[in-house]
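Only heavy atoms go into these numbers, but all of them, side chains included; no hydrogens, no water, no symmetry mates. This is a predicted model, so every value here is computed, not measured.
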Amino acid sequence: MVSNKCCVPGCSKSAASKFGVPKNMMNVWENIIGCPLNRNSRVCANHFKPSDITSTWESGNGSSQISICLRKPRLKSGVIPINNLSDEVNETMTMLNEHNYSKVNLNDEFEPPLAKRACIELSDSVIESISEVVIQDNILINDESSISLPMNWFCDVTTNNGSVIAKTYFILSPFQIYNKRVVEKRLVILKDSEPTFYINEKQIKLSQVGINNYDETLNIEYMLNILVKVNVCRGVKTDKNVKTSFGSQFIEFNGHWKHANCLNIIEDGASQLCVWCNRLKYTINKKFKILSAGKSLRVPLTPSKKSKFKKILKSKKIASQKFSRAHKTIKNLKLQLNNIKTKISQVSSTTLNEIIQKSNLSDCQSNLVNEIFNAAKVKCKNQRRYSDNWILLCLILQIRSPSGYRFLRNQNILPLPCVKTVRKYLLAINNECGFDLNFFKLLKKKMLSKSDYQKKGILLLDEVYLRSSISVNSRTLSYSGLEDFGGELPSRDTEKADHGLVFMWSSLADSFTQPIAVFASKGPVKGMDLTKLVVKAIMLLENAGAQVLGLTTDGASTNRTMWNNLGISGKIGNTNNSFCNPFDETRKVFVFSDAPHLIKTIRNRLYEKKCLKLDPSKPLVKWEHFSEVYRLDENKLGKVCPKITRNHIYLTNLSKMKVKFATQILENAMKWLDSWESKVIDGLISSNEFLTQQTADGLRVTIKSSIELSKYLLDSCNFSFVLTAKMNQDKLEKFFGIIRQVSGPNDHPSTPTFLQLYRMLTVSSLIKPPKSGNCTVDEVQKPVLDICDFKNLISNESLREEKIKNMKSKLDLIIEDKNWDCEDIFLEHDYTKSSVFECVVYYLGGYLARRLCKKSKCEVCIKNLKNDGNLGMESELVNLKSKGFLTHPSGNLYKILKVLETCFCKHASAGDVFENTYNEFFLHVTSLTFSCSIHKYEMITDIFTIYITMRMRQFTYIENQKLNKINRAKKKLSKLVSS
């Protein structure tokens, strides 16, 4: 174990620093110290000369030299310890020489020096070891002639046994208040040596003061005069204690800073400092200037960190060079870009149009180029103005891909307007249920661009199952998601809708399809109600310029009821497949049952009954025949039926709905329908071996309508050909598929989501140009649906503003300009027994007060909304939840909200909850006062509007939470596939 004590015998005062014994000098150190040593032995610093120990690391020379203290002092190489006795003798003799004490004969009696002189007390062992020194007489020391001392000089005489052994002539440094005076110049004359000169306690040579050859004839007065003429360097005076910032090459002497290499003598009489101290002064001023500017000084580094620092400097230099190059490149690119912008700004619209015409660009591309050039001419984005055609294209892009629109706009790839600007034009189409008259105005103008061929089309209708959910429509201050027929039929406004009925018009000679109306209902719409909606839809379409030639539905029971109401029948021998057009009695409306659905029902009938019989004399059509073909063909490389898969044969709940699978199996199974059914009537075939009556009637009506409508189009309307695929519901099913896809992985979107997506898709199909059609239309004469049509349909006053306006008209009758005191309006209440209801209303009142106070700057209004103290026990909830930041409502505000909450709870589930709530409130309150006459109407209106809207949102959240479990189970069932 390493020892913490010095191994030298008799060393009781070990120094803090201790050094190990070098391996190559182990024997040398043992001979000097006189004791055996090992690798764990330590020798303290007291047994080495100070010059043998390195305690600092130095770098540089002169004024640029820096010094850093080492954490552990180190010995120089080849150093050996010093014997204690010899060390003391050498040190003593050195001190005697430095202080110029006379050497005495040890045989004489030794007397201590006077108290005014500093002396060193020698031990007896030291005195005995000092050899005898012979003292020789000096002429100058025995010179007793009178000497005229210069001004402020003093003389000190040292005697021994009555004889003079030394004389000292000295002068003190100038007087300073805060610093002690020291001996500045000194002349020492000893009996056995030449005179010695000292300046600032540092011995100087005679040649430095102008005495080249010493002669004993020189007198003391002459040498003093020479010493008086010597200019002394006193160093730099400073009162700022930041010495550590400049390293160890600077020392402090008598309140001044001096360079470590100070000459003490000023050779140039014009200066007050020596060369080294002048450098010090320059360095101090330079570094103080850097510090005063707030900059940091250079940090001295050790050799190990200096290499790392050089690497960092090199990396910094490389990074600076890269940055400089990049900066120059960016500067050049910006200059080029500005030049291009200048050229673009100088291009006139006429020149640009000529260039576009020569390039043969399409209309959309030319609009894009014009918008880019117009945007480049404007410096601020808020000053951009967009053309109507460009707004329409932006509206389509926003509807088709909102995320793509945001990306193109945020990255400044295209000059697109703000999303709020685009959404404003969506307000032209109402997302409420029912037939929107504004929409049919736009459709009428759209139909003007169509030819007579393209105006002929089919009316499609179908229902989609939705998840029951409600939300707050802030534009109408009502619920979205309740049963709503748009005023066309009586609706139960408290029932949550779970079905969506959509009407769509599809052209027979064009790819144009347009949804025209949507209805939300609780359960399927009844047959009689569906009949009324169909008749009105036909009337509105005919009035808008479309010609309704057919009506396509699926095989639902409500649709069959509607057929009966319209006189449609599929009975054998009594088939009626059309009814008179209510708008034009000269034309008929042919009715179709969706052919893909009919094929699907036939396939499902065969799968359920396992066999069907077409004729008594022929074998049965069995499902196992198809299964056996698939089984034999399943594992073969060369398959007879390559498109038949397992999902075709082993039907599940999901695969039963796939029309594609049914078509591939039953391509030839729909022959001789009438003869087949007649055999059932004659009793040759049982009803279980035949199709369902609903499927048979639908097939018969659809086949007959397809034949008659095709003849009408070919003979009467001069069609070259007829696409019978346009007579089914594929377009409507595709529309439902888009809604399901947009709403996420959800086969049954919620009712509010469905209504919002319906409006967006309706506007998109209305404004986008058609890709192709069955005939050619003159593009020059075709009217274009522009953005002005949407602007004209946007109402300046929304339904929300209308409801608030009605509420203000009733508030005018009860508001008075007095202090807000409701004590005479509301019943007295015992506040010592507050219920949970009152605590919650008080908490909501605090939130409402805080929100209104942020909105208002009127001190009177704020004073009437907030309360610094507590009213009573109803404030317990606020006190428990508050950490000093919750707001307490005023007593009058709390009382109003209490009655308002009671009225809201009574009508919370109604469709017109906003109107019913404030009407119920006015039945209980006949007068209401507010102290601020300027903002009384606005403040009371905001209280009612914000509170009722907030409670409506809370109500919808609670109701949707109740339905989450049911909707989650239905969603899982829609994903499961059970065989």
Exercise for the section: Would you kindly check if the NZ (Lys) or CZ (Arg) of K588 is within the cone defined by 45 degrees around the ring axis of F579 and under 6.0 Å from the six-membered ring centre? Expected result: no
Problem - Any D730 side-chain heavy atom under 4.5 Å of P596 side chain - result: yes
Exercise for the section: Could you go through the side-chain hydrogen bond (donor to acceptor under 3.5 Å, both in side chains) check for D554 and Q729 one step at a time? Expected result: CA-CA 8 Å; D554 58 10; Q729 289 184 331; 5.2 Å; no
Exercise for the section: In sequence, state the C-alpha distance, the side-chain angles, and the governing distance for E542 and K455, and then conclude on salt bridge (Lys or Arg N to Asp or Glu O under 4.0 Å). Expected result: CA-CA 10 Å; E542 293 283 349; K455 290 180 181 180; over 6 Å; no
Exercise for the section: Kindly indicate, with the supporting measurements, whether the criterion salt bridge (Lys or Arg N to Asp or Glu O under 4.0 Å) is fulfilled by D498 and R467. Expected result: CA-CA 6 Å; D498 56 5; R467 287 189 299 111; over 6 Å; no
Exercise for the section: Compare all side-chain heavy atoms of I458 with those of L709 and state whether any distance is below 4.5 angstrom. Expected result: yes
Exercise for the section: Flag the pair L443 / W505 as yes when at least one side-chain heavy-atom distance between them is below 4.5 Å, and no otherwise. Expected result: no
Handout entry: Steps toward side-chain hydrogen bond (donor to acceptor under 3.5 Å, both in side chains) verdict (S750, T753)
Key = CA-CA 5 Å; S750 62; T753 304; 2.9 Å; yes
Handout entry: Side chains of K731 and F512 in contact at under 4.5 Å (non-hydrogen atoms)
Key = no
Practice task
Run the salt-bridge test on R740 and E733 with the 4.0 Å N-O cut-off and return the result as yes or no.
Solution key: no
Handout entry: Note: R587-D584 ion pair, threshold 4.0 Å (strictly below)
Key = yes
Exercise for the section: Show your reasoning for whether side-chain contact (heavy atoms from CB on, under 4.5 Å) applies to C717 and Y712. Expected result: CA-CA 7 Å; C717 300; Y712 173 77; 3.5 Å; yes
Problem - All side-chain contact (heavy atoms from CB on, under 4.5 Å) counterparts of A537, not counting sequence neighbours - result: F435, L459, F503, I516
Practice task
Could you tell me whether R492 and E483 have a side-chain N and a carboxylate O separated by less than 4.0 Å?
Solution key: yes
Problem - With sequence neighbours excluded, residues passing side-chain contact (heavy atoms from CB on, under 4.5 Å) with L397 - result: Y405, L408, L416
Practice task
Check whether any side-chain heavy atom of V502 sits under 4.5 Å from a side-chain heavy atom of L732, and report yes or no.
Solution key: yes
Practice task
If the plane angle is over 60° it's perpendicular, under 30° parallel, otherwise tilted; pick one for Y465 and H499.
Solution key: perpendicular
Handout entry: Heavy-atom side-chain contact between N728 and L460 under 4.5 Å
Key = no
